[in-house]
Protein chains: 2
Amino acid sequence: MSLKLYVDRMSQPSRAIVLFCKVNGIAFEEVKIELAKGQHRTPEFQAINPMKKVPAMVDGTFMLFESHAILIYLASVSPGIPEHWYPSDVLRRAKINSVLDWHHSNLRHGAFTFIFNSTIAPLLGLPLNLRAAAEGEKVLLTSLAHIESYWLEESGRFLVGSERPSIADLSLVCEIMQLMVLNDEDRNRILGPYKKVLKWIEDTKDATSPHFDEVHDVLNQVKEKLQKLPSAGPNVVADVSL
Amino acid sequence: MSLKLYVDRMSQPSRAIVLFCKVNGIAFEEVKIELAKGQHRTPEFQAINPMKKVPAMVDGTFMLFESHAILIYLASVSPGIPEHWYPSDVLRRAKINSVLDWHHSNLRHGAFTFIFNSTIAPLLGLPLNLRAAAEGEKVLLTSLAHIESYWLEESGRFLVGSERPSIADLSLVCEIMQLMVLNDEDRNRILGPYKKVLKWIEDTKDATSPHFDEVHDVLNQVKEKLQKLPSAGPNVVADVSL
């Protein structure tokens, strides 16, 4: 098998890529890079991705990182991928590129910053950072409001008015699914007001069943691990990064 | 003329798009949206981009925002655009998508956060934020180091080993040019160590002459305005956003 995906399913863009391959029957070898064990910092992995981030991909001798670039590549080179995942129509493709680009500094930035600093950091031996978490939550809430009021248009069940999911739906929904590691109160407070977002998550889950649940099962394990951690007093630190 | 670009040349992604059009002889109407006057918050502009950001584009009736999506769209639909700007070869295109995606959370995030909070904010009536500036500078320096050591490979003068510039070169160089508004000491401290980056900026300027200087002339005006501002004592504030 020539396609290798270097992933940690704890990472939301890793899940998006694994899910895309499973839904579309793309054969791949899943190479686990455990972030909690620092495996993204080994010389072997840095030879594949010098940025020390998952996911990364090697297809034969071709190396690539950045999850959206990987999704676009796989949608382009894999035979028989249905058109809706990354339409060749230039206008539809432009809209999907727009939401993918928007994602980086909005939903992705907000959700990652909030969840990492409010919840996940102790799993990687780092302290919580409530200031950073608060800043991230603000960006996250604004992003969810924009998805609800703009990206999920009236005309379709998926992003940018589509009737069937695209790679953008996978990327953004996998990001939001990270909220499942929060406690119920926080999760409901954040997601509860966004009824269209909640329905879209269910629609994306249905459209990618049964792989969606399998790929996200890791979040239950993360939640269990978090519940076993001693309740740590929050530290305010200025520098927290993976 | 059916193509309208809604831009403020103070915005680096706005400049990248204007530069791409000028270099490639794409006819467009430049609609100025002055950020300093809050024109990105008017109902008229929000009907074009509900995210209240420049640049945005209207081509006939088709509306689009996010600068990379706009660059890809224009490279795809405009007749006679040379192949090197956004290659159709799937491997070369994937590498350009990778650097464009990487840009968002790295060079873009670092440079914007640093320059805005250390220098530009008073032009928009906002205080400086030295904590945010310091965090941004760290990301900026790491990003420049990655461009120097990885993205500018030995084999080509431009990003990802290309002999001719792509839309990624325009996007990233326009970002770095924002450093021209800093005082000489800060700019030299930040850019000085990166000799390949400095040569790449000159190569991009040469490849897009004379439009490069014309499009960046705004930065001289910004620098003059900044020099006329009363020297403000820096405030540390938690919430600074455009």
Side-chain angles (χ1 to χ4, degrees), chain A residues 13 46 49-53 56-57 59-77 88-106 108-109 112-113 131-132 134-135 138-139 142-143 145-146 149-151 160 171 238-241, chain B residues 13 46 49-53 56-57 59-77 88-106 108-109 112-113 131-132 134-135 138-139 142-143 145-146 149-151 160 171 238-241:
Chain A
Q46 284 186 58
N49 184 358
M51 308 302 165
K52 298 178 267 188
K53 297 261 171 96
M57 179 205 90
D59 188 13
T61 59
F62 182 65
M63 295 193 284
L64 191 65
F65 57 86
E66 284 293 333
S67 67
H68 294 170
I70 293 173
L71 286 166
I72 290 171
Y73 171 83
L74 290 173
S76 304
V77 301
S88 53
D89 173 76
V90 74
L91 302 187
R92 296 211 61 75
R93 178 169 287 197
K95 288 287 188 186
I96 286 169
N97 287 339
S98 177
V99 68
L100 286 170
D101 285 333
W102 173 86
H103 179 42
H104 288 281
S105 304
N106 293 281
R108 167 94 182 125
H109 177 63
F112 175 82
T113 306
R131 175 184 59 72
E135 290 178 15
K138 215 159 118 174
V139 178
T142 303
S143 301
H146 279 140
S149 65
Y150 178 73
W151 292 117
V160 297
S171 180
D239 172 26
V240 175
S241 59
Chain B
Q46 284 187 59
N49 184 356
M51 307 303 164
K52 299 179 267 187
K53 297 258 171 98
M57 180 206 87
D59 188 13
T61 59
F62 183 63
M63 295 192 286
L64 192 64
F65 56 87
E66 283 293 331
S67 67
H68 293 170
I70 293 173
L71 286 166
I72 290 172
Y73 171 82
L74 291 173
S76 304
V77 301
S88 53
D89 173 77
V90 74
L91 302 188
R92 296 212 60 76
R93 179 168 287 197
K95 287 288 188 185
I96 286 169
N97 287 338
S98 177
V99 68
L100 286 170
D101 285 334
W102 172 85
H103 179 42
H104 288 281
S105 305
N106 294 281
R108 167 93 182 126
H109 177 63
F112 175 82
T113 307
R131 175 185 59 71
E135 290 179 15
K138 216 160 119 176
V139 178
T142 304
S143 301
H146 278 139
S149 66
Y150 178 73
W151 292 117
V160 298
S171 180
D239 171 28
V240 174
S241 60

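We name chains A, B, ... by the order of the sequence lines, and we start the count at 1 in each one.
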Measure the spacing between [atom1] of [X] and [atom2] of [Y] and express it to the nearest 0.5 Å.
| X | Y | atom1 | atom2 | value |
| --- | --- | --- | --- | --- |
| Gln46(B) | Tyr150(A) | CD | OH | 12.0 Å |
| Leu91(B) | Asp59(A) | CG | CG | 8.5 Å |
| Asp101(B) | Ile72(A) | CG | CD1 | 6.5 Å |
| Met51(B) | Ser98(A) | CE | OG | 7.5 Å |

Legend entry - All ring pair (Phe, Tyr, Trp, His ring centres under 6.0 Å) counterparts of His104(A), not counting sequence neighbours: His68(A), His104(B)
Inset, instruction - Provide the closest heavy-atom pair for Met63(A) versus Lys95(B) in the form atom of the first, atom of the second, distance. - result: O-NZ, 2.7 Å
Inset, instruction - Please report the shortest heavy-atom distance between Leu64(B) and Ala94(A), naming the atom on each side. - result: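 Looking at all heavy atoms of both residues, the shortest contact is CD1-O, 3.5 Å.
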Legend entry - salt bridge (charged side-chain N to carboxylate O under 4.0 Å, His left out) partners of Arg108(B), counting only residues at least two apart: Glu175(B)
Inset, instruction - Against chain A, work out which of Pro50(B), Ser105(B), Ser149(B), Ser67(B) has the most heavy-atom pairs shorter than 4.5 Å and name it. - result: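 Top option by heavy-atom pairs under 4.5 Å: Pro50(B).
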Legend entry - Portion of Phe62(A) that has a non-hydrogen atom of chain B nearer than 4.5 angstrom: side chain
